[in-house]
Novice: 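Would you mind keeping the following structure in view while I ask a few things?
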Amino acid sequence: MRFLLCISVAALACLTGCSDEPEKPEAATVLPDAPITAEALTQGQALYVKACLQCHQYDGSGVPAMQPALIDNPAVAGEPEHLIEVVLRGMGGTDSALPPSGEYAMTMPASDSMTDTEIANLLTYIRQAYADEGPIKPEQVAAVRSKLE
Amino acid sequence: MLTPLLFIPALLAAQPEPTTGNGGITLPEGFAAVVVHEGVGPARHITVRENGDIYVALRRAGRDGGIVCLRDTDDDGKADIVERFGEVQGTGIALRDEWLYFGADFKVVRYKLPVDSLVPTGEPELIVDGFVRDGQHAAKPIDFGDDGRLYVNCGAPANTCQEQMRTPGSQGLSPCPILEYAGGIWSYDPDAPNQQHPADGVRFATGLRNCVAMDAHDDSVYIVMHGRDQLDSLFPEFYDSDDNADLPAEEMHKLTLGSDAGWPYTYWDGGRDERMVGPEYGGDGKTASTNENYQDPIQAFPAHWAPNGVMIYEGSQFPERYKGGAFVAFHGSWNRAPQMQAGYNVTFTPFADGEPSGGFEVFADGFAGKEEIRSPREAEHRPMGLATGPDGSLYISDSVEGKIWRVFYVGESE
């Protein structure tokens, strides 16, 4: 089911212009109350491929005992603040990270060099592909980032 | 070919009846397998006692324990009695005299195991404590050397030794502080309780990222190391995804006291057959290491296959060319995207005088249940631990469901 959705998201993105070059971060925007745009999903998917796929796998199924699945993961479907914090701080391995769950023989690196819009689009993509949940906005990322500083 | 061979029928008396289709795996001609158990739970390493009792470490302790004991009471190869004990999970498991040693992730303990008793009596005794409490590469494979010492693999809690863990472009620390307490193999006194790591141990070998596959044999410790991950995602200016999928070999080493395999400063490029400077330390994918302290592997396996068990075959049952050679269980890769994942098999490398005398060949395959694996979760079974039984059979454990195969020779004797 989720994997099919994932393909259809990619197909949807392709309908609106599929190129080898990922969109420039500035080009993709999520308007505060607008529906999810294809540009946002395209950029989110490209960022997933670049920064997350190796560990969480092409279909979000994770690797047993190493990296959790993002499918059916309460952190993906749940509170946006926590999800944003996971990406900004990582989990385990360093003092600045969220404490590890102890379930996995791997730690999750922080990805705080992405812009607010990039993180919003990335998380919008994984929420749509793996949890059927609504978008995350750059302002929400900015709010969590400033709280952490 | 020209050597005249005298064929006599194999002694089949003690051999069990093979399971139909060898329980889903393929084997070379002349070999067969019986499924000892369909699934004891997520298995790690396995060991077999002189009386044939089998002990399996589990990745998750569950309600009933982190160690499974199996006994076959009617010689059909299948487990008839299955018991569980031990409060924690772990990987390493090894027998010595009347003791069962267990490498839990953050400590090594032992249990008294009287002769003929399947389940230990009494409480665990703490042998080594004080390992770094980091989930990465925390598995503690253990084995006993010919010198009587207890060898413990202490995997590095890292991919390489970057300033910022697994962060694109982050440079490597030099010297890498991790090497003081991990990224190597330490030896301990197997009879002394409450030893603290690393103070009470001897650092036997270093520069080892993570060696889940470890076998102390003769005067050496043979290991197959998990090579580094994420070349392309961390250093996209030097590597593309094919480089990541193909270059950093899984290195097999014959370690002696003081051996250094070069982690985190270098990695072995299987294509160039050369030790390269890691990109965290000024490497660019083209610069070979000139440091003579780092030893070359005795065999380089394809990148990311994830060697989780190695065993020098000491049994007498298999044909001559297998004796003294190395079986390696490959758990299978997760870090080869967008290429298909690979491994998920057991290989054999013939040895002469303690070193490979030829390339490796796939010995047992089909564990994954399908040809193409894009993501590890698609694999039905993943080979994990290896052990030799008292009759020379080869035991293989699976980490997904804990299926256990016993492989034996049914071909002509030489």
Side-chain angles (χ1 to χ4, degrees), chain A residues 2-3 6-7 10 20-22 45-73 86-114 118 122 129-130, chain B residues 42-44 58-60 89 91 105-106 132-139 155 157-159 162-170 210 212 226 229-234 236 241 244-245 304 306 308 331-341 373-379 382 384 399-401:
Chain A
R2 255 63 180 262
F3 178 46
C6 172
I7 289 175
D20 288 335
E21 283 287 294
Q45 188 181 36
L47 290 165
Y48 180 78
V49 169
K50 198 170 134 214
C52 326
L53 178 146
Q54 283 192 340
C55 287
H56 292 287
Q57 303 294 303
Y58 78 99
D59 54 356
S61 64
V63 179
M66 305 240 3
Q67 287 98 233
L70 299 182
I71 307 166
D72 292 331
N73 189 320
V86 168
V87 173
L88 287 173
R89 293 175 63 187
M91 271 178 95
T94 57
D95 294 342
S96 58
L98 284 162
S101 64
E103 296 277 308
Y104 299 95
M106 176 64 91
T107 48
M108 155 114 180
S111 296
D112 55 358
S113 61
M114 283 191 265
E118 285 175 315
L122 165 65
Y130 304 129
Chain B
R44 300 288 289 181
L58 295 182
R59 173 168 59 73
R60 232 177 257 277
Q89 67 252 29
T91 292
D105 286 355
F106 305 119
V132 58
R133 289 205 162 255
D134 185 306
Q136 275 191 89
H137 300 156
N159 176 27
Q162 288 177 289
E163 284 165 16
Q164 299 288 319
M165 192 222 11
R166 293 188 192 255
T167 301
S170 175
N210 189 27
V212 188
H226 282 228
D229 298 325
Q230 293 182 287
L231 277 174
D232 62 327
S233 58
L234 300 178
S241 59
N244 174 65
H304 309 300
N308 275 2
H331 201 216
S333 72
W334 57 267
N335 187 216
R336 283 172 49 84
Q339 291 193 34
M340 287 297 154
Q341 303 301 341
I373 297 285
R374 276 191 81 185
S375 161
R377 215 173 276 276
E378 295 167 14
R382 304 177 73 186
M384 180 70 216
S399 74
V400 181
E401 288 169 342

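So that the names make sense, note that chain A is the first sequence line, chain B the second, and so on, each numbered from 1. Side chains included, hydrogens not; waters and symmetry mates left out as well; all remaining heavy atoms used.
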Novice: State, with a plain yes or no, whether a side-chain heavy atom of Gln341(B) is found less than 4.5 Å away from one of Gln57(A).
Specialist: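 When only atoms from C-beta onward are counted, Gln57(A) and Gln341(B) do touch, with a gap below 4.5 Å.
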
Novice: Flag the one option from Pro236(B), Ala337(B), Pro338(B), Ser233(B) with the top tally of heavy-atom pairs under 4.5 Å to chain A.
Specialist: Ser233(B)

Novice: I'd like to check Asn244(B) versus Gln54(A) (side-chain heavy atoms, cut-off strictly below 4.5 Å). Are they in contact?
Specialist: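 They are in contact (side-chain heavy atoms under 4.5 Å apart), so the answer is yes.
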
Novice: Between atom CE of Met108(A) and atom CE of Met165(B), what is the distance when rounded to the nearest 0.5 Å?
Specialist: 9.0 Å

Novice: What part of Asp232(B) gets within 4.5 angstrom of chain A, counting heavy atoms only: side chain, backbone, both, or neither?
Specialist: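 Contact with chain A involves the side chain of Asp232(B) alone.
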
Novice: Kindly indicate whether the side chain of Ser375(B), heavy atoms from C-beta on, has any atom under 4.5 Å from the side chain of Tyr58(A).
Specialist: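 SC-SC contact between Ser375(B) and Tyr58(A) confirmed.
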
Novice: Where do Gln136(B) and Met106(A) come nearest, in terms of heavy atoms and distance?
Specialist: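 Nearest pair, atom of Gln136(B) first, then Met106(A): CG-CA, 3.5 Å.
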
Novice: Can you say whether Arg59(B) sits under 4.5 Å from chain A via the side chain, the backbone, both, or neither, judging by heavy atoms?
Specialist: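 Contact with chain A involves the side chain of Arg59(B) alone.
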
Novice: Could you have a look at Pro376(B), Ser399(B), Gly155(B) and say which one has the most heavy-atom pairs with chain A under 4.5 angstrom?
Specialist: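 Of Pro376(B), Ser399(B), Gly155(B), Pro376(B) has the most heavy-atom pairs under 4.5 Å with chain A.
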
Novice: Listed by chain and number, what are the side chain to side chain contact (heavy atoms under 4.5 Å, CB included) partners of Thr167(B), not counting sequence neighbours?
Specialist: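 Partners of Thr167(B) by the side chain to side chain contact (heavy atoms under 4.5 Å, CB included) criterion, ordered by chain and then number, come out as Gln164(B), Ser170(B).
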
Novice: With side chains defined as the heavy atoms from C-beta onward, is the minimum distance between Pro64(A) and Arg377(B) less than 4.5 Å?
Specialist: yes

Novice: If the condition is side chain to side chain contact (heavy atoms under 4.5 Å, CB included), which residues does Glu103(A) pass it with, not counting sequence neighbours?
Specialist: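 Here the qualifying residues are Ser101(A), Arg60(B).
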
Novice: Only pairs of heavy atoms separated by less than 4.5 Å count here; which of Pro109(A), Ala105(A), Ala69(A) has the most with chain B?
Specialist: Ala105(A)

Novice: Using heavy-atom distances under 4.5 Å, tell me whether Arg133(B) contacts chain A through its side chain, its backbone, both, or neither.
Specialist: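 Answer is neither: Arg133(B) stays 4.5 Å or more from chain A.
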
